[in-house]
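For reference, the structure discussed in these notes is given below.
Order of the sequence lines sets the chain letters (A, B, ...), proteins ahead of strands, with each chain counted from 1.
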Protein chains: 2
Amino acid sequence: MTTTKNQTTITAQPGTPFIDMVREFDATPQVVYRASTDPELIPKWMGPRGLDTRIDAYDLRPGGNYRYVQTDADGNEFAFRGIFHTVEPGLRTIQTFEFEGMPGFVTLEYGTYEDLGGRTRFTGHSVYPSVEARDGALQMDMESGMRESMERLEELLPGLG
Amino acid sequence: MTTTKNQTTITAQPGTPFIDMVREFDATPQVVYRASTDPELIPKWMGPRGLDTRIDAYDLRPGGNYRYVQTDADGNEFAFRGIFHTVEPGLRTIQTFEFEGMPGFVTLEYGTYEDLGGRTRFTGHSVYPSVEARDGALQMDMESGMRESMERLEELLPGLG
């Protein structure tokens, strides 16, 4: 039996401030949610493989803050932070997101975990403060980083089941 | 000497998830910011005159939460809540906003206070998760409530200078 590889679908309609991502995983929502939100697991999948991720804070509750720093091969650091608005374990998170290199451009990130009967459909909906800010994020090659993150997350899941 | 009345300008471009508001006040940014963010003063101006506003929580710091309840003449209650992401006194706030009657439709609200030399230009930028959610908010007569709130806020300022 051959398994169809799970695909990452990223949609960014021109003229809107949204980026939408859909990705299915061969694991339950509980497992996908845990890998997505456990600060010990996040560095194992977040970002492209060439970056090192360090979690400075990750307080997973409404009003809790998070911050992480990614370091590239040349030692350049990129820091990101935000606050959780909604935390529904295994179902949904809604959180703010800010790249510290562009302060004031705060994004709202919706993450939804849908049970497909042992499999999971993860949906990410990113809302930027303007179409220009969204276009700027796309130009920073965010899309390939998102795809590589989802591949790394998939590789991590079998060890968690 | 006659004074030109300050106008509230509300912009909601079709096909976008944004509502933008601009309003000038004859008071300093410090005074306008205080009236806008002091939980003892907010009930004196927030919402149309027919509604009573009760503040349940107002923790004005990054990660702090707020919640308020508005009651109409028939006793119907409308509750709203969110979390502060950015708090720069006298300059800017960025916070999440959710009507508890429509859970999951979280908005990001930018408020900016610009110093015009003793006067203040307040700019509000609301970012909805979809165009449909934004259009729904407009249909709930949010616009007239915003205008009346700004009038009430203006009336409150002379006593705070």
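In terms of heavy-atom pairs under 4.5 angstrom with chain A, the leader among B:Asn65, B:Thr96, B:Thr107 is B:Thr96. Taking chain A as the reference chain and counting heavy-atom pairs below 4.5 Å, the highest number among B:Thr16, B:Val106, B:Thr86, B:Asp59 is found for B:Val106.
Residues A:Glu154 and A:Asn6 have side chains that bring a donor and an acceptor to within less than 3.5 angstrom of each other. In the model, B:Thr112 has no side-chain atom that pairs as donor or acceptor with a side-chain atom of B:Arg92 under 3.5 Å.
For a residue to count as touching a neighbouring chain, one of its non-hydrogen atoms must lie under 4.5 Å from one of that chain's; by this rule A:Tyr110 touches chain B with the side chain only. Only the side chain of B:Pro17 comes within less than 4.5 Å of a heavy atom of chain A; its backbone N, CA, C and O stay farther away. When heavy atoms are compared at a cutoff of 4.5 Å, A:His85 approaches chain B by way of both its backbone and its side chain.
With respect to B:Arg49 and B:Glu155, a salt bridge is recorded, a charged nitrogen being found less than 4.0 Å from a carboxylate O.
Looking at A:Arg54, its side chain never comes within 3.5 Å of a backbone N or O of A:Tyr68 through a donor-acceptor pair.
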Determine, step by step, whether B:Arg147 and B:Thr8 satisfy the side-chain hydrogen bond (donor to acceptor under 3.5 Å, both in side chains) criterion, reporting the C-alpha distance in whole Å, the side-chain angles of both residues, the deciding distance to 0.1 Å, and the verdict.
CA-CA 6 Å; B:Arg147 289 184 192 282; B:Thr8 301; 5.2 Å; no

